[in-house]
Amino acid sequence: MTAQYQVHGDVAVITLNNPPVNGLGLATRRAIVDGLERAQRDAAVKAIVITGAGAAFSGGADITEFGTDKALAEPNLHTVIAAAEQCAKPVVAAIHSVCMGGGLELALGCHYRIAAPGCSVALPEVKLGLLPGAGGTQRLPRVVGVEAALNMIVSGEPVKSELIAGVPGQKLFDRLAASPEALAAEALAFARSVANVRPLPLVRNLPCKHPQGDAYFQFARNMVKGMSKNFPAPAKCVDAVEAAAKHKKFDDGLKAERELFIQLMWSPESRALRHLFFAERAASKIPDVPADTPRRDIQAVAVIGAGTMGGGIAMNFLNAGIPVKMLEMKQEALDRGLATIRKNYEAQVKKGKLKADKYEQRMVLLSTTLDYADLKNADLVIEAVFEDLGVKEQVFRQLDAVMKPGAILASNTSTLDVNKIAAFTARPQDVVGLHFFSPANVMKLLEVVRGDETAKDVMATVMAVAKKIRKTAVVSGVCDGFIGNRMIEQYGRQGGFLLDEGCTPAQVDKAIEKFGFAMGPFRMGDLAGNDIGWAIRKRRAIERPGMKYSKTADLLCEQGRFGQKVGKGWYDYVPGRRDAIPNAEVEQMIAEHRQALGITPRTISDEEIVQRLVFSLVNEAAHILEEGIANKASDVDVVYIFGYGFPVHRGGPLNYANEVGLFNVVAAMRRFAQNPLDDAQFWQPAPLLSRLVAEGKQF
Ligand code: NAI
């Protein structure tokens with residue numbers, strides 16, 4: 001049952017009941033229309049209240065229907081809203097908790113609205129690259145004014161009901177209930193009080209104007225353009241609200257809204273956002289670890305190593321109210337780590353992002369030690385010491401000796417073999433990789449590395465912990481680099497070959513930044529530290545001899561150009577300037593290297609740069625999927641969006657490959673394989689990719 005129908009004296013109450021947020025799925029929509037008809041037929045009923053059971057009035061469209069026939073099946077949302085509008089008896093929406101998207105559009109189609117305080121009201125469609133397509137852009141400006149409506153529609157952000165109710169002249173709410181608890185009774189009384197009003201008030205009959213007219217919309221359009229460069233939806237929201245103000249007939253505005261909605265629905269940007277919306281939710285599900293898998297209790301956390309990563313990792317838990325004990329080998333290292341955490345929090349306080357008392361509460365949760373014995377009460381320990389298997393071994397042997405049974409032992413290693421690390425203990429089932437990204441207190445991605453023996457309840461627990469500390473977790477199997485860094489190796493190699501063949505670092509960076517990456521490979525190297533990649537390449541040269549690299553990055557490191565931390569890398573960095581300044585000596589070094597190899601430089605197009613960088617990610621991802629390192633293609637996209645600055649509007653490397661067409665992707669790979677300066681072997685399309693093309697399928 002997705003909605004209940006009850007009669008209280010002379011008022012019929014339709015209660016939406018489709019947990020968790022009363023999404024307006026087909027069955028619920030049908031129940032609303034049926035309820036309205038039934039109430040009209042019943043002569044004893046004088047008025048109707050529509051409300052929601054549980055924790056929402058309605059959160060809007062039912063996301064499980066997205067992309068299915070059910071989403072548009074009759075009665076669709078337009079039909080439901082028309083049924084409320086045209087109902088011969090007064091229909092009152094009794095709103096509480098959450099009233100968003102289609103839920104708000106439904107409420108706006110009712111004759112009256114009464115709201116409980118504390119209700120979050122929003123039209124969030126823009127976040128999926130859409131606009132409210134069931135009259136929201138036409139009705140909201142009529143009740144809260146053009147400007148307030150446009151702000152809500154363009155931002156998608158929720159506004160509290162009491163705030164709206166306090167705005168003079170607003171017509172969104174006819175009443176604000178005294179409290180959420182009082183809403184039901186007040187809604188009944190209100191419905192009775194308007195039972196005989198005729199004609200019934202309709203939002204569509206209210207005027208819609210901005211005092212500055214066209215000039216305002218031009219201003220709004222300029223504002224929105226600057227803020228949403230890669231996304232068409234915000235500008236179309238302005239167009240839709242403008243249509244509400246321009247058209248004399250309400251239904252003409254509605255038609256304009258419909259057309260704009262359909263244009264957005266078919267835009268690659270909206271497809272990318274909708275893909276990511278589901279991808280992020282799907283990432284938390286592990287095929288063989290059901291949702292009801294028992295979890296271990298995590299009350300206290302320990303972090304080993306108070307360096308760059310350890311400090312940031314600790315902050316995540318402090319922010320979530322979980323006590324953290326940090327261990328280092330020397331007091332100075334602890335002091336340094338603590339000072340960095342304080343500095344980070346103080347910067348947040350200064351910017352007004354964190355209240356001073358909250359800062360103190362967090363610091364109280366943090367303690368430090370030099371003694372492993374002090375860690376024995378922790379339920380989860382995360383190691384973030386040097387990236388060296390020997391050092392990891394020392395740490396894990398000590399942890400195995402002191403940690404209580406059942407404690408989870410995690411490593412933040414970015415490339416090392418988690419199975420080997422697990423084997424340093426007598427409890428490999430309790431060992432897991434928790435790969436945070438730098439800065440660990442900011443970046444949303446967490447790669448959860450599942451060892452061969454990692455227990456299912458450990459997986460279930462760390463996925464829940466990730467949620468608690470507001471990370472987007474993606475599960476990866478064990479391999480060199482896991483999902484993200486294994487793919488970035490190929491991307492980095494292509495960057496190197498492009499230098500050998502004739503590009504400058506700035507040319508490569510600019511091309512991929514124009515594509516939408518936050519930062520090109522060379523600026524990223526300078527930020528992360530070129531010495532880190534150097535050390536990894538040295539290790540890989542031993543473990544995987546024969547892998548072809550450009551030598552340019554090693555030459556750069558031999559000159560001590562490690563990146564931003566030393567003021568010079570691929571670029572120069574000057575105090576007080578945030579930009580990367582191209583360096584003539586680096587370019588000379590690349591040119592000399594080219595000469596030594598006997599390469600005549602050629603002009604390389606931005607298109608080739610982008611394709612080689614992005615398709616290298618795609619091909620490696622196809623291997624990763626085939627090997628079962630990643631559970632599903634959308635996980636790869638989540639990793640790249642939340643951890644590597646891949647452009648959001650392109651939906652991740654595999655979504656992008658689908659958009660380009662896998663046939664075209666493979667054709668480009670075959671072209672790249674012809675280039676003697678590239679790696680022909682690498683560009684052989686991964687078997688999975690070839691299969692998908694042969695079968696006409698997508699990732
Ligand atoms: P870091 O050098 O900034 O910090 C390492 C800390 O560990 C130092 O403070 C050191 O004193 C301490 N330490 C070393 N041996 C220890 C021991 N036996 N017992 C206790 N403390 C010890 O290094 P960073 O960058 O924080 O990296 C740590 C780990 O995180 C590495 O495994 C690295 O691969 C991984 N990682 C690093 C990322 C980055 O961007 N820096 C990103 C993701 C993972």
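Each ligand, and each atom within it, is numbered from 1 in the order the structure gives.
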*Asks:* So, the side chain of Arg612 versus the backbone of Phe672: is there a donor-acceptor pair under 3.5 Å, distance only?
*Replies:* no

*Asks:* Please report the interatomic distance CG(Leu399) to CG(Asp430), rounded to the nearest 0.5 Å.
*Replies:* 11.5 Å

*Asks:* Please, which pairs that meet salt bridge (Lys or Arg N to Asp or Glu O under 4.0 Å) have at least one residue in residues 320-341, sequence neighbours excluded?
*Replies:* none

*Asks:* Do His275 and Phe277 have their ring centres less than 6.0 Å from each other?
*Replies:* no

*Asks:* So among Asp572, Asp526, Asn530, which one has a side-chain hydrogen bond (donor to acceptor under 3.5 Å, both in side chains) with Arg561?
*Replies:* Asp572

*Asks:* Report each N/O pair between ligand 1 and the protein that falls under 3.5 Å, naming both atoms.
*Replies:*
residue	atom	partner	partner atom	Å
ligand 1	3 (O)	Thr308	N	2.9
ligand 1	3 (O)	Thr308	OG1	2.9
ligand 1	9 (O)	Glu328	OE2	2.5
ligand 1	11 (O)	Glu328	OE1	2.7
ligand 1	11 (O)	Glu328	OE2	3.3
ligand 1	26 (O)	Thr308	N	3.4
ligand 1	26 (O)	Met309	N	2.8
ligand 1	30 (O)	Asn412	ND2	2.8
ligand 1	32 (O)	Val385	O	3.3
ligand 1	32 (O)	Glu387	OE1	2.5
ligand 1	32 (O)	Lys392	NZ	2.6
ligand 1	34 (O)	Glu387	OE1	2.8
ligand 1	34 (O)	Ser414	OG	2.6

*Asks:* So is Arg486 actually on top of Phe482's ring, under 6.0 Å and inside 45° of the axis?
*Replies:* no

